[in-house]
Protein chains: 2
Amino acid sequence: MEKKIKILLAEDDKNLGNILKNYLEAKGYPTVLSEDGKIALENFKRENFDFCVLDIMMPVMDGFTLATKIRKLDQEIPILFLSAKAMQEDKLHGFEVGADDYLTKPFSMEELLVRIKAILRRSNTPGSSDVSLFKFGSFSFDYNRQLLSSGGEPQKLTSKEAELLKLLCENMNNVLDRTIALNKIWFDDSYFNARSMDVYITKLRKYLKDDPKVELINVHGVGFKLVVD
Amino acid sequence: MEKKIKILLAEDDKNLGNILKNYLEAKGYPTVLSEDGKIALENFKRENFDFCVLDIMMPVMDGFTLATKIRKLDQEIPILFLSAKAMQEDKLHGFEVGADDYLTKPFSMEELLVRIKAILRRSNTPGSSDVSLFKFGSFSFDYNRQLLSSGGEPQKLTSKEAELLKLLCENMNNVLDRTIALNKIWFDDSYFNARSMDVYITKLRKYLKDDPKVELINVHGVGFKLVVD
DNA sequence: AACAAGTGTTAAAGAAAGTTAAAAGCTGAA
DNA sequence: TTCAGCTTTTAACTTTCTTTAACACTTGTT
């Protein structure tokens, strides 16, 4: 059972864009074509993608800027740059902003496809793929069922509580960035959502207070960290 | 605390091979150079590598064959091909045998490095939580939990206090450069941040004053040193 | 000694986070 | 539709953390 991979394609050349879109869809990857960086970013925020193919030179917002903004919202999603320029500095810059690959035009569609596949193979493999049962300290957290148990009667969690706890678990012993959590769960990091998140942190702390080995600590100005020893 | 990445480099051109080996080692990646595919395979079996950089045209055993054999022994290890041929079929073949990337000569060493890093970033991801417990004098400092204990009731530290104390501990009995600390913790060594840091030094001194064997001394114009005897 | 630059220390102001409760929003059953 | 019961957001107040400011003291230099 494989998950359907959805591709965000940002390419201002309509002709090339449509050829690529058709090719990728024929190969089984639903693709959304965006004609400039700004539209691409809006699409990215609205829908759930699994892969980004970004042209660099685009009107309104260039590919580098776009990639930087996407990386802020999602550190994991693979990014592949397409570029007319083979220039060294551009390539290096591309990797600097978090790219997984950089392909120079002209390229063959087959090559684009195998490179996408090579990256996907690596990003899917680790056990990180939708693990829904987390164990830490004396707790066992079932994300799918939204249940948190620690010996006694399992605690039923609300959706938001479960989402937040899942993100914290995925970043166990590491800081979960505030804005990242807000964008993933609330889709927007505004002041009020941030306050809402704080309320949920308090709720989670109440659930977790039974085990002193587990602690949900704040990193001022950055985010929260679920610590277990 | 990062794991050391060891690279297997297969390249029959001694000149290029040594240049690459030296470059990669200068960048912190111990590299074993093998002059043909057969030797490379033997090296792979004998030692533990984390990354393969393979030339394609080599005597005795070509890079594709080598990669196939390596893949049989290890499905996870990243493989990057180097090739003089930009031929399409070769590239596709490379990815078919399980490559993560395919670089055509001539290439810049910087590009090789960033491509290696991009692949490693994706394969490493699982919980890189650095568990750090420092002990000095009568103190025990748990960075993750932001706790400093010395027998009695543990002192809860704030994020900035913990960051700074961690840097000082990592440079125990050595000078921690002011600007280094500022850049790592405040991301900018301006006058005001420097004053802020001084305030934190005072705070840390208060926490540390219980044990006379521990001292946080200033090195005028340079930085601070956490001294323990 | 005189001066400038660097550091020590304390207090305050400002920003971020903790907490609780009420308001608003949502969902399913009557 | 309306209502009850739940989730989520908003609001208000409290506490904590970080930065800024002020002033005193040190160090090194001329």
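Throughout, a chain's letter reflects where its sequence line sits, starting with A, and its residues are numbered from 1. All values derive from a computational prediction rather than experimental measurement.
With hydrogens and angles disregarded, no donor-acceptor distance shorter than 3.5 Å links the side chain of B/Asn171 to the backbone of B/Asn174. A donor-acceptor pair is defined here as one N or O able to donate and one able to accept, closer than 3.5 Å; such a pair exists between the side chain of B/Asp100 and the backbone of B/Ile79. Side-chain atoms of A/Glu161 come within 3.5 Å of backbone atoms of A/Thr158 as a donor-acceptor pair (strictly under, hydrogens ignored). Remark: side-chain polar atoms of A/Arg71 are not paired, donor with acceptor, to backbone N or O of A/Ala99 under 3.5 angstrom. Proximity of a side-chain donor or acceptor of A/Glu11 to a complementary backbone N or O of A/Asp13 within less than 3.5 Å is detected. Remark: the backbone N or O of A/Gly221 is not paired with any side-chain donor or acceptor of A/Arg178 at under 3.5 angstrom. Listed for the B/Glu163 side chain is no donor-acceptor partner under 3.5 Å among the backbone atoms of B/Ser159. Listed for the A/Lys135 side chain is no donor-acceptor partner under 3.5 Å among the backbone atoms of A/Ser140.
Here B/Arg178 reaches the OP1 or OP2 of C/dT7: one of its side-chain N or O atoms lies under 4.0 Å away. A sub-4.0 Å separation between OP1 or OP2 of D/dT18 and a side-chain N or O of B/Trp186 is absent.
Residues satisfying the ring pair (Phe, Tyr, Trp, His ring centres under 6.0 Å) criterion with A/Tyr200, sequence neighbours excluded, are absent altogether. Not counting sequence neighbours, the partners of A/Phe141 by the ring pair (Phe, Tyr, Trp, His ring centres under 6.0 Å) test are A/Phe134.
Per the geometry, CG belonging to B/Asn193 stands 15 Å off C1' belonging to D/dC17, to the nearest Å. Atom CG in B/Asp188 sits roughly 10 Å away from atom P in D/dT20 (whole-Å rounding). Between A/Lys160 atom NZ and D/dC6 atom C1' there is a gap of 14 Å when expressed in whole angstrom units. Rounded to whole angstrom, the span from the CZ atom of A/Phe192 across to the C1' atom of C/dA24 amounts to 13 Å. Atoms CD (B/Gln146) and C1' (D/dT16) sit 13 Å apart, rounded to a whole Å. In this structure, the CG atom of B/Leu176 is 15 Å from the C1' atom of C/dT7, given to the nearest Å. The nearest whole Å value for the distance from the CD1 atom in A/Ile185 to the C1' atom in D/dT9 is 15 Å. For the pair A/Leu164 CG and D/dT9 C1', the interatomic distance rounds to 15 Å; values are reported in whole Å.
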Taking N or O atoms only and anything under 3.5 Å, show me the protein contacts with nucleotides 1-4 of chain C, one pair per line.
none

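The aromatic rings of A/Phe81 and A/Phe64 stand perpendicular to each other, their planes meeting at an angle above 60°, with 30° marking the opposite boundary.
Non-hydrogen atoms lying under 4.0 Å from DNA chain D are contributed by A/Arg195, A/Ser196, A/Val199, A/Tyr200, A/Lys203, all within residues 194-214 of chain A. Looking at residues 215-222 of chain B, you'll see B/His220 sit with a heavy atom under 4.0 Å from some atom of DNA chain D.
Atom NZ of A/Lys105 sits in a crowded spot, with more than 12 heavy atoms from other residues, nucleotides or ligands closer than 6.0 Å. Other residues, nucleotides and ligands contribute more than 12 heavy atoms inside 6.0 Å of the NZ atom of A/Lys6.
For the pair A/Val32 and A/Ile7, the minimum side-chain heavy-atom distance is 4.5 Å or more.
Across all strands shown, A/Phe224 has heavy atoms under 4.0 Å from sugar-phosphate atoms exclusively, and none from any base.
Each end of the helix from C/dA1-D/dT30 to C/dA30-D/dT1 gets its own axis, taken as the rotation carrying the C1' atoms of four end pairs onto the next four within a five-pair window, and the two axes meet at 30° to the nearest 10 degrees.
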